[in-house]
Novice: 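Quick one: the structure is below, and I'll ask about it shortly.
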Amino acid sequence: MGVERISAAFAAREKEGRKALIVYLCAGDPSLEVTAAAVQELAAAGVDIIELGVPFSDPVADGPVIQAASTRALARGTNLRKILDLVKNLRSRVSLPLVLMSYYNPLLQYGLAGLAADLAAAGVDGLIVPDLPLEESAPLREKLEAVKLAAIPLVAPTTPAERLQQIAAAAQGFIYCVSLTGVTGARESLPPGIAAYLARVREATDLPLGVGFGISHPEQARLLAPLCDGIIVGSAVVRALHEGGLPAAVEVVQSLRQAI
Amino acid sequence: MVLPDSRGHFGPYGGRFVPETLMPALKEIEKAYREAREDPTFQRELKYYLEQYAGRPTPLYFAANLTRHLGGARVYLKREDLNHTGSHKLNNALGQALLARRMGKKRLIAETGAGQHGVATATVAALLGMECEIYMGEEDTRRQALNVFRMELLGARVIPVAAGSCTLKDAVNEALRDWVTNVRTTYYLIGSVVGPHPYPMMVRDFQAVIGEETRQQVLEASGRLPDHLIACVGGGSNAMGLFYPFIQDAGVKMWGAEAAGRGLKTGRHAASLTAGRPGVFQGSYSYIVQDENGQIKPVYSLSAGLDYPGVGPEHSYLKDSGRATYMAITDAEALEAFQLLSRTEGIIPALESAHAVALAMKMAPGLSQEEIIIVNLSGRGDKDVQQVEAVLQEGGENHGC
Ligand SMILES: Cc1ncc(COP(=O)(O)O)c(C=O)c1O
């Protein structure tokens with residue numbers, strides 16, 4: 001449950017000498033039924049943690065692929081309540097950690113008071129909120145801590161060393177290292193300076209490091225793997241699912257799985 | 001108490017809700033701004049440009065004809081329409097561009113709705129020799145084609161945004177994405193008292209020149225403080241600029257005019273304070289127009305500059321504390337004010353400013369002739385003349401896009 005399930009997922013891969021594969025899906029794109037099927041098939045294909053994106057009307061941290069997926073999901077009437085129902089249904093069928101990635105306002109409007117309990121009851125293990133920096137995150141973190149869910153923070157290449165320490169001190173589960181200065185979306189190469197940056201984060205924490213934003217090719221994942229504990233892939237899978245359906249998404253995931 | 005607090009909060013409102021990548025940049029801007037604010041050289045330079053380039057101080061004009069027509073309180077107009085580039089937006093653009101230059105940034109980006117802030121930013125970029133890119137919703141590039149050409153003439157690149165509703169909020173999203181990507185070289189010059197700390201504070205301070213001048217001018221003209229201040233509220237910068245220097249003067253009432261579009265009941269409006277609820281949007285906690293799931297709802301106003309689902313956090317604070325009152329003005333009321341001011345005073349106001357004039361038209365007749373109303377005439381209406389002509393020819397009902 002919660003933080004423990006996430007830690008166990010990283011530990012299991014580490015014991016094998018491998019890295020965790022973390023996949024982002026935009027919940028409700030193209031439908032919650034397909035999202036449910038995708039979670040199960042991707043888990044079977046070797047994904048270790050799934051991030052379910054709660055679609056938002058104004059996703060400022062996202063590039064065109066996830067923006068479009070969010071728009072499609074919202075047009076289908078997707079909301080947080082329905083996503084929690086989806087997780088509840090999935091929980092008996094999959095054992096991998098499920099974390100939600102949501103902008104802050106849908107969470108606030110749901111009501112922070114009831115949110116943590118409902119997340120825990122549904123079987124969600126953690127939460128990533130891309131527009132909630134450390135300074136504003138205490139109210140949510142306290143609620144999550146009370147039910148032992150992971151508050152997974154993001155760090156960026158621009159985050160100074162002292163701040164890395166502060167963020168890490170409040171983190172649980174893993175640290176989401178944004179690979180580059182930019183928004184989500186597949187890139188061809190690795191950002192310059194990534195090794196030094198990840199080394200700086202490594203200094204600040206013993207928690208697992210997941211690296212995401214811009215990763216789509218197995219070759220990128222293979223090069224990054226020695227520098228971190230998990231690889232996070234979003235846009236590449238979201239695009240494959242949209243353009244080629246579930247088989248295409250599984251194919252992307254399998255090639256990444258083999259690389260790390 | 002001085003607001004905001006050290007983390008940018010006005011009571012519960014404001015703050016910083018942005019991707020981590022931007023947090024160091026926001027702190028850097030805040031530090032640079034606090035230093036510049038105390039630096040006489042910076043202040044002298046800003047003052048020089050405000051006077052010699054923008055044309056400040058702008059007059060506080062007693063609108064005798066309008067006053068007579070309305071038959072109540074004495075109505076004064078703060079003539080921000082007489083600023084270079086035609087609106088109050090230049091006050092802020094000058095301040096922030098000088099700050100960006102001081103910080104060693106060579107590239108400015110900005111969002112624009114009506115195009116007024118884009119033009120002001122393109123103007124200061126030309127003046128200071130900086131690279132400039134302006135994000136503008138595709139829908140707005142069509143509505144305000146002339147302003148697109150003005151920005152291009154000034155040497156800026158206008159980037160049409162074809163995401164979401166293709167209007168101002170989407171231009172802000174895209175500017176934020178650009179900034180996240182190019183944060184090391186680029187300064188994001190936000191056009192209103194919105195966004196993450198320190199923008200609401202900084203833009204307010206740069207616009208406060210409006211209220212500071214007004215205070216002095218009204219004391220000179222009538223020997224006392226005004227009874228009512230009225231300004232339109234999109235993001236809320238011209239309103240904060242007028243209100244702020246009067247905040248401690250309890251006798252001065254403050255009124256904000258929001259866009260009711262076709263009417264609050266139709267759902268086609270942009271009235272975040274009068275019809276919205278608090279939430280987090282584009283960097284701060286404030287009143288926003290949203291649905292029950294926290295999704296931002298499409299907004300509408302005939303006036304592109306008010307067509308925004310959020311509002312500056314300090315206005316949310318002033319609303320809750322009762323220090324200021326916010327009213328919604330429909331397209332039809334603004335159109336009537338647009339025409340009335342043109343005919344009575346020979347001043348064609350911006351459609352945004354016409355919302356403030358419309359609120360004065362509602363209030364003045366019920367007030368005594370001893371009372372003083374000051375309306376912030378935030379911009380001139382040249383940019384809107386074509387649109388208003390088209391709407392008036394259609395006849396009443398079908399306003400705008
Ligand atoms: C003339 C004029 N007034 C008012 C506004 C609204 O902005 P704010 O509420 O920040 O003053 C605009 C925005 O484009 C404008 O052009």
Side-chain angles (χ1 to χ4, degrees), chain A residues 54-64 67-68 70-71 73-74 77-83 102-111 129-137 139 153-160 162-164 166-167 175-185 213-214, chain B residues 5-9 12 14-28 161-165 169-186 195-197 277-286 288-298 309-310:
Chain A
V54 178
F56 184 51
S57 53
D58 296 82
V60 292
D62 285 300
Q67 284 175 46
S70 306
T71 304
L74 287 174
T78 310
N79 62 36
L80 183 52
R81 231 166 271 283
K82 293 181 186 174
I83 294 170
S102 175
Y103 288 86
Y104 196 38
N105 200 48
L107 305 177
L108 263 186
Q109 302 308 322
Y110 186 94
V129 188
D131 60 347
L132 188 66
L134 179 68
E135 287 80 349
E136 302 285 352
S137 66
L154 296 101
V155 299
T158 52
T159 310
E162 192 186 338
R163 186 171 169 80
L164 280 175
Q166 293 162 353
I167 293 173
I175 307 255
Y176 192 131
C177 305
V178 175
S179 73
L180 42 74
T181 53
V183 294
T184 59
F213 281 42
Chain B
D5 69 15
S6 63
R7 284 177 22 214
H9 292 117
R16 281 181 176 136
F17 297 87
V18 293
E20 170 62 22
T21 309
L22 295 180
M23 287 300 285
L26 291 172
K27 292 187 175 183
E28 186 192 336
V161 178
S165 57
K169 85 167 170 78
D170 308 287
V172 174
N173 287 341
E174 216 46 43
L176 283 168
R177 292 180 186 120
D178 179 318
W179 202 32
V180 167
T181 307
N182 301 299
V183 61
R184 292 187 174 102
T185 58
T186 296
H197 182 57
R277 281 181 295 121
V280 164
F281 176 58
Q282 293 183 337
S284 62
Y285 182 63
S286 194
I288 54 181
V289 181
Q290 58 179 326
D291 70 14
E292 68 281 7
N293 294 312
Q295 307 293 340
I296 307 309
K297 285 211 286 199

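Only this structure's heavy atoms are used, side chains among them; waters, hydrogens and symmetry mates stay out. Per chain, numbering begins at 1; letters A, B, ... match sequence-line order.
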Novice: What part of B:Leu176 gets closer than 4.5 Å to chain A, counting heavy atoms only: side chain, backbone, both or neither?
Specialist: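 The answer is the side chain of B:Leu176.
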
Novice: Between B:Glu20 and A:Val178, is any pair of side-chain heavy atoms under 4.5 Å apart?
Specialist: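 When only atoms from C-beta onward are counted, A:Val178 and B:Glu20 do not touch, as no gap falls below 4.5 Å.
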
Novice: If I take atom CE from residue B:Met23 and atom CG from residue A:Leu134, how far apart are they, to the nearest 0.5 angstrom?
Specialist: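 The CE atom of B:Met23 sits 8.0 Å away from the CG atom of A:Leu134.
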
Novice: State whether the side chain of B:Arg16 and the backbone N or O of A:Glu135 hold a donor-acceptor pair below 3.5 Å, judged by distance alone.
Specialist: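 Checking the backbone N and O of A:Glu135 against the side chain of B:Arg16, no donor-acceptor pair under 3.5 Å is found.
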
Novice: Hey, could you give me the CG/CZ distance between B:Asn293 and A:Arg81, rounded to the nearest 0.5 Å?
Specialist: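 Here the interatomic distance stands at 7.5 Å.
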
Novice: Could you give the distance from CG (A:Asp58) to CD (B:Gln290), rounded to the nearest 0.5 Å?
Specialist: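 Going from CG on A:Asp58 over to CD on B:Gln290, the span is 11.0 Å.
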
Novice: For A:Leu80, is it the side chain, the backbone, both or neither that has a heavy atom under 4.5 Å from a heavy atom of chain B?
Specialist: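 Nothing of A:Leu80, per the 4.5 Å heavy-atom cut-off to chain B.
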
Novice: Is A:Phe56 close to chain B through its backbone or its side chain, or both, or neither, when contacts mean heavy atoms under 4.5 Å?
Specialist: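 When you check distances to chain B, atoms from both the backbone and side chain of A:Phe56 fall under 4.5 Å.
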
Novice: For the CZ atom of B:Phe281 and the OH atom of A:Tyr103, what is their distance to the nearest 0.5 Å?
Specialist: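 Here the interatomic distance stands at 12.5 Å.
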
Novice: Compare every heavy atom of A:Pro133 with every heavy atom of B:Val18, then report the nearest pair and how far apart it is.
Specialist: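 Reported closest heavy-atom pair: O-CD, 3.6 Å.
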
Novice: So which part of A:Pro130 gets closer than 4.5 Å to some heavy atom of chain B, the side chain, the backbone, both or neither?
Specialist: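 The backbone, not the side chain.
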
Novice: Would you mind reporting whether A:Gln67 and B:Arg177 have side-chain heavy atoms less than 4.5 Å apart?
Specialist: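 Side-chain contact under 4.5 Å: yes.
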
Novice: By a 4.5 Å heavy-atom criterion (distance strictly below it), what part of A:Leu74 contacts chain B: side chain, backbone, both, or neither?
Specialist: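 Just the side chain, heavy atoms under 4.5 Å.
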
Novice: Taking only residues two or more places apart in sequence, or in another chain, which ones meet A:Glu136 in a salt bridge (Lys or Arg N to Asp or Glu O under 4.0 Å)?
Specialist: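 Residues passing salt bridge (Lys or Arg N to Asp or Glu O under 4.0 Å) with A:Glu136: none at all.
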
Novice: Checking heavy atoms, do the side chain of A:Thr159, its backbone, both or neither come under 4.5 Å from chain B?
Specialist: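 Contact with chain B: backbone and side chain both.
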
Novice: What is the minimum heavy-atom distance between B:Thr181 and A:Gly182, and which atoms define it?
Specialist: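 In terms of heavy atoms, the two residues are closest at OG1-CA, 3.6 Å.
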
Novice: Report which part of B:Pro196 has an atom under 4.5 Å of a heavy atom belonging to chain A: side chain, backbone, both, or neither.
Specialist: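 For B:Pro196, no heavy atom lies under 4.5 Å from chain A.
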
Novice: Among A:Leu107, A:Leu154, A:Thr181, which residue forms the greatest number of heavy-atom pairs with chain B at distances under 4.5 Å?
Specialist: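 Looking at each of A:Leu107, A:Leu154, A:Thr181 in turn, A:Thr181 comes out on top.
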
Novice: Please round to the nearest 0.5 Å and tell me the distance separating atom OG1 of A:Thr158 and atom NZ of B:Lys27.
Specialist: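 Reported to 0.5 Å precision, the distance equals 11.0 Å.
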
Novice: Side chain, backbone, both or neither: which part of B:Glu292 has an atom under 4.5 Å from a heavy atom of chain A?
Specialist: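 When you check distances to chain A, only backbone atoms of B:Glu292 fall under 4.5 Å.
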
Novice: Under a 4.5 Å heavy-atom cut-off, does chain B meet the side chain of A:Pro157, its backbone, both or neither?
Specialist: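 For A:Pro157, backbone and side chain are both near chain B.
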
Novice: Answer yes or no: is there a donor N or O on one side and an acceptor on the other, between the side chain of B:Gln295 and the main chain of A:Pro55, under 3.5 Å?
Specialist: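 Judged by distance alone, yes, a pair lies under 3.5 Å.
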
Novice: Between CG of A:Asn105 and CD1 of B:Ile296, what distance do you get to the nearest 0.5 Å?
Specialist: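 Rounded to the nearest 0.5 Å, the CG-CD1 separation comes to 5.5 Å.
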
Novice: Where on B:Pro19 is there a heavy atom nearer than 4.5 Å to chain A: the side chain, the backbone, both, or neither?
Specialist: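 Contact with chain A: backbone and side chain both.
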
